[in-house]
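Naming convention: chains lettered A, B, ... in sequence-line order (proteins, then strands); numbering from 1 in each chain. Just so you know, these numbers use all the heavy atoms, side chains as well, and skip hydrogens, waters and symmetry mates.
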Amino acid sequence: MPSGRSWPANNFPRKRTSMSEPQNPAKPRPPLPEDDARKNDQDLAREEKFRRLIETGLEPFPHRADPTHTVSDIVAAYAASPRETLEASKTRVAVAGRILSLRPMGKAAFFHISDGRSKLQVYIRADIAGQEAYERFALLDLGDHVLVRGELFRTRTNELTVLAAGCDFLAKCLHPLPEKWHGLQDVELRYRRRYLDLIMNPEVMEVFRLRSAIVAHIRRFFDERGYIEVETPMMHAIAGGALARPFITHHNALDIDLYLRVAPELFLKRLVVGGMAKVYEINRNFRNEGIDAAHNPEFTMLEFYEAYRDYEDMMAMTEELLGGLSRALLGADEFPFGERTISFKPPFKRLKFMDALAHYSGLSRAIFEDPAAVIAYGERLAPDKKPLTYGRALDIIFDKHVKDNLVQPTFIINPPKDVSPLAKAAKDNPREAARFELMVGGMELANAFSELTDPAEQKLRFEQQAEERRKGDDETHPIDLDYVQALEYGLPPTGGEGIGIDRLVMLLANRKTIREVILFPLLRPKE
RNA sequence: GGGCCGUUAGCUCAGUGGUAGAGCACCGGCCUUUUAAGCCGGGUGUCGCUGGUUCGAGCCCAGCACGGCUCACCA
């Protein structure tokens with residue numbers, strides 16, 4: 001550790017040569033960044049303490065600090081060390097963190113600092129840290145950042161604690177933190193000012209650490225299998241790859257409207273045409289739809305494509321990926337989700353789409369043989385969606401009657417072909433697609449198919465979609481002739497799949513709204 | 001977009017048409033092993049916004065804003 005990194009030696013002039021020198025020779029400071037009108041008494045008190053701290057000659061915004069350990073390092077390494085071992089070893093540490101509790105007692109004080117994950121207690125006394133240092137310490141507030149230097153010991157109540165020889169100032173917290181006992185509860189404030197949520201609610205930090213670990217695990221899974229990770233355009237001239245309404249934006253220099261992508265699918269398959277036989281992308285999609293517990297307008301999707309495979313192979317891979325995730329990150333195949341326990345232990349249940357419909361809808365199988373009756377029923381469920389095709393009507397009945405029942409992971413196999421314009425037809429039924437949707441916890445978690453590789457058939461399917469659009473369905477796939485041209489160069493048999501990362505995190509983190517697993521979910525701007 | 005609920009101090013929350021409250025936080029004083037530290041003293045506020053009813057509105061009514069749940073839609 002570099003010498004001289006102490007309060008008096010580093011942050012303060014060693015000795016003032018004359019009492020007649022101005023107390024604050026430092027350059028004039030710009031006003032602090034907030035209108036006086038918005039400040040309350042506590043903001044003003046903090047500002048005043050900061051001003052007095054600066055007047056002692058201290059650097060208010062230091063460039064760097066030299067911690068030897070993180071709080072978490074210390075907790076991990078010494079949590080089990082008995083008092084005698086700590087005292088004998090005289091372990092010196094320099095550790096940085098935010099002050100999250102403060103118990104001053106005259107000429108000594110206890111406080112906890114946090115590195116965002118763990119907390120560590122510090123004991124500072126005037127006779128050990130020095131009178132001058134202690135007086136400066138007394139100008140600190142809850143929320144300020146400090147670097148504490150000292151030796152580890154255990155208090156009378158056996159808590160691992162740093163006995164501070166010094167305490168360097170690192171940053172000022174100019175506003176009071178939320179209440180220590182209840183944390184920050186207001187949902188809107190938690191999302192708008194997520195930093196406060198992270199500071200006050202440790203379980204929130206854990207959700208996002210888990211999210212990071214999930215994504216890292218997924219990357220490792222595909223990297224180990226020889227996949228190449230790519231990034232394809234987020235701005236599309238044609239918003240293809242999914243049946244969804246896009247966001248529109250504009251490029252000034254080219255003077256063209258562009259769409260934020262609704263899916264990377266068509267670009268990834270172009271790459272398979274180009275010879276990337278195993279390819280994946282983890283990135284954002286944007287869909288101009290409503291917001292609810294399972295939908296955010298921008299969301300993260302994993303899409304992967306593997307040549308020479310079909311959707312049956314994708315099912316096996318999905319089981320391996322999800323089962324492995326649960327075991328690696330949660331230590332078990334099963335995990336709680338709300339009131340239920342979900343098991344990611346392979347194999348997952350497989351259910352034909354039409355069988356699921358017949359089983360859960362209570363409708364007789366005969367009805368499903370009568371397209372007119374199905375369409376009439378679907379249009380009764382969703383009057384604003386008229387007119388419906390047979391497949392769309394089935395889809396609506398599925399959402400209405402089946403989805404919520406599928407809590408344990410279930411592959412819903414062979415949905416209608418006319419809502420799957422990018423999938424091959426099922427081998428044994430030309431009205432069905434060689435496709436599955438994986439349902440978990442009442443949500444669609446994954447969607448995969450044997451990719452349609454016949455360019456002529458693809459062009460025909462696009463034209464059918466255009467026809468539906470003319471009839472009034474605004475959730476159809478646009479024609480993409482450039483993509484058809486790519487297929488004309490030869491897309492090998494390919495299995496492809498998309499997995500919603502946010503929903504996967506919801507499941508594994510046991511959070512019932514997507515906003516709890518997205519750091520900054522979309523909210524209406526204030527004011 | 002519909003229905004229901006919410007919005008009071010920095011935060012968490014009480015508040016019954018009649019002088020705006022509590023805990024934490026904050027301010028002043030005391031306190032050298034505390035830990036939701038403690039003791040003494042202090043209430044710091046555009047009751048979301050705009051109107052209305054009333055002698056009188058945080059409370060009743062209408063409209064609006066933002067949020068939550070839910071339905072619809074969507075992955």
Side-chain angles (χ1 to χ4, degrees), chain A residues 37-46 48-49 83 100-112 119 121-129 134 141-143 153-159 161 163 173-193 196 199-200 241-245 262-263 285-303 381-385 395-396 399-400 403 437-440 442-447 474-475 497-504 506 512-515 521 523-527:
Chain A
R38 289 182 55 194
K39 289 173 189 165
N40 59 47
D41 60 327
Q42 301 197 38
D43 296 334
L44 294 171
R46 281 165 181 259
E48 171 61 15
K49 280 172 147 184
R83 181 195 312 275
L100 283 192
S101 71
L102 191 50
R103 293 179 293 282
M105 297 176 299
K107 301 233 171 308
F110 285 93
F111 58 100
H112 280 94
K119 288 184 189 177
Q121 182 167 262
V122 181
Y123 182 40
I124 185 166
R125 346 182 346 158
D127 59 353
I128 292 175
Y134 191 80
D141 286 307
L142 284 174
F153 78 109
R154 281 188 186 276
T155 61
R156 209 170 270 169
T157 53
N158 217 35
E159 179 165 348
T161 302
L163 181 58
C173 180
L174 288 166
H175 301 292
L177 291 178
E179 199 231 4
K180 62 184 175 188
W181 193 242
H182 299 91
L184 183 64
Q185 299 295 323
D186 184 286
V187 174
E188 185 178 355
L189 261 187
R190 287 184 48 231
Y191 299 155
R192 286 191 194 277
R193 298 159 79 181
L196 288 178
I199 292 167
M200 300 309 298
L243 313 180
R245 281 188 289 270
V262 297
N285 292 340
F286 306 87
R287 298 189 184 175
N288 208 339
E289 312 279 358
I291 297 174
D292 67 22
H295 297 84
N296 194 61
E298 55 177 305
F299 62 101
T300 302
M301 182 88 111
L302 159 70
E303 285 206 11
L381 290 178
D384 51 324
K385 289 280 167 176
D395 229 21
I396 283 162
D399 283 347
K400 187 80 181 176
K403 200 161 74 171
E437 292 173 279
L438 176 61
M439 309 297 297
V440 189
M443 297 184 290
E444 184 182 336
L445 179 64
N447 177 23
D474 56 356
E475 285 166 30
E497 177 165 347
I499 296 180
I501 297 298
D502 313 277
R503 290 179 177 179
L504 179 58
M506 286 170 67
K512 62 178 190 176
T513 78
I514 199 166
R515 291 184 295 279
L523 297 176
R524 193 180 292 274
K526 205 91 177 179
E527 256 16 47

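Residue A:R192 is classed as a sugar-phosphate contact, given heavy-atom separations below 4.0 Å to backbone atoms only. Among the heavy atoms of the strands, none lies under 4.0 Å from A:E437. Counting any heavy atom pair closer than 4.0 Å across all strands shown, A:N296 reaches a base atom. Residue A:G183 is classed as a sugar-phosphate contact, given heavy-atom separations below 4.0 Å to backbone atoms only. Across all strands, A:A294 comes closer than 4.0 Å to base atoms (heavy-atom distances). Contact annotation for A:L189: backbone-only contact, meaning every heavy-atom pair under 4.0 Å involves sugar-phosphate atoms and none involves a base. Among the heavy atoms of the strands lying under 4.0 Å from A:R287 is at least one base atom, whether or not backbone atoms are also near. Looking at heavy-atom distances under 4.0 Å, A:T300 makes no contact with the nucleic acid at all. As judged by a 4.0 angstrom heavy-atom cut-off over every strand, A:I128 is placed among residues making no nucleic acid contact.
Listed nucleotides B:rU34, B:rC26, B:rC69 differ in distance to A:R515; the shortest reach to its side chain belongs to B:rC69. Closest to the side chain of A:A108, out of B:rC71, B:rC11, B:rU32, is B:rU32.
More than 12 heavy atoms of other residues, nucleotides or ligands shown are found within 6.0 angstrom of NZ on A:K49.
A:H182 and A:E179 share a side-chain donor-acceptor pair at under 3.5 Å. At a cut-off of 3.5 Å, with distance as the only test, a side-chain donor of A:R83 or A:N158 sits close to an acceptor on the other residue.
For A:D127 against B:rU32, a side-chain N or O and a base N or O form a donor-acceptor pair under 3.5 Å.
Taking the side chain to side chain donor-acceptor pair (under 3.5 Å) definition, one finds that A:D292 meets it with A:H295, sequence neighbours left out. Shown here are the side chain to side chain donor-acceptor pair (under 3.5 Å) partners of A:D395, two or more places apart in sequence or in another chain: there are none.
Between A:K403 atom NZ and B:rA72 atom C1' there is a gap of 11 Å when expressed in whole angstrom units. A:N40 places its CG atom 13 Å from the P atom of B:rU44, with the value rounded to the nearest Å.
Toward the 5′ end of RNA chain B lies the nearest nucleotide of A:D186, the other residue of the pair A:Q121 and A:D186 mapping further downstream.
Judged by distance alone, with hydrogens and angles left aside, the side-chain atoms of A:D502 form a donor-acceptor pair with the main-chain N or O of A:T300 at under 3.5 Å.
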All N/O pairs under 3.5 Å across the protein-nucleotides 21-25 of chain B interface:
residue	atom	partner	partner atom	Å
B:rA25	OP1	A:K180	NZ	3.0
B:rA25	O2'	A:Q42	OE1	3.1
B:rA25	N3	A:Q42	NE2	2.9

